[in-house]
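A short worksheet on the structure shown next.
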Amino acid sequence: MKLLTCPMNGPRNIDEFQSFGPMRARPDPNATADRDWSRHLFRAENRKGIVVEWWRHVPSNYFFLAERDLVSNEIIRTFDASDLRDHA
């Protein structure tokens, strides 16, 4: 059984989680062309390395971030999204 550590609920079976994909900047809605919006919504970057992703603990509906190595599938760390704001 693979475990994922939720920042709020602690280690849990990974089946309790849902991935929402990589965190990425949202384009400016007033200055972005339809073509660029389409690319933002439907094209995924497919690269090797470390990525920060949105995850949700489904039973508690808690959203958080996880750093994951896309090659080894190792979860490096998980943290609350407010940690980014506190360190920005």
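For the single chain, residues carry numbers from 1 onward in sequence order.
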Closest approach of E16 to P59 (non-hydrogen atoms, all atoms of both residues): O-CD, 3.5 Å

Heavy-atom closest pair, residues G49 and V71: N-CG2, 4.3 Å

Parallel, tilted or perpendicular: rings of F63 and W54 (30°, 60°): perpendicular

Minimal non-hydrogen separation, W37 against P29, with atom names: CZ2-CA, 3.7 Å

Stepwise side-chain contact (heavy atoms from CB on, under 4.5 Å) test for L65 and E67: CA-CA 7 Å; L65 296 166; E67 281 183 357; over 6 Å; no

Pair M8-H57, side-chain contact (heavy atoms from CB on, under 4.5 Å): steps then yes or no: CA-CA 9 Å; M8 184 170 81; H57 180 243; 5.8 Å; no

Linked, directly or transitively: F20 and V58 (ILVMFWY side chains, under 4.5 Å): no

Gap between atom CD1 of I14 and atom NZ of K2 - 0.5 Å precision: 5.0 Å

Closest approach of R56 to Q18 (non-hydrogen atoms, all atoms of both residues): NH2-OE1, 2.7 Å

Point-to-point distance, once rounded to the nearest 0.5 Å, from CD1 of I50 to CD1 of I76: 3.0 Å

Neighbour count >12 (heavy atoms, 6.0 Å) for atom CG, N13: yes

Over 12 non-hydrogen atoms of neighbours within 6.0 angstrom of CZ in R39: no

Between OG1 on residue T5 and CZ on residue F17, distance to nearest 0.5 Å: 7.5 Å

CZ/R47: more than 12 non-hydrogen atoms of other groups inside 6.0 Å: yes

Rounded distance [0.5 Å steps], CG in D28 versus CG in D36: 11.5 Å

Residues E45, V51; criterion side-chain contact (heavy atoms from CB on, under 4.5 Å); working and verdict: CA-CA 10 Å; E45 196 176 320; V51 66; over 6 Å; no

Parallel, tilted or perpendicular: ring planes of Y62 versus F64, cut at 30 and 60 degrees: parallel

Interatomic distance, R26 atom CZ to T32 atom OG1 [nearest 0.5 angstrom]: 9.5 Å

Separation between CZ of R68 and OG1 of T78, rounded to the nearest 0.5 Å: 13.5 Å

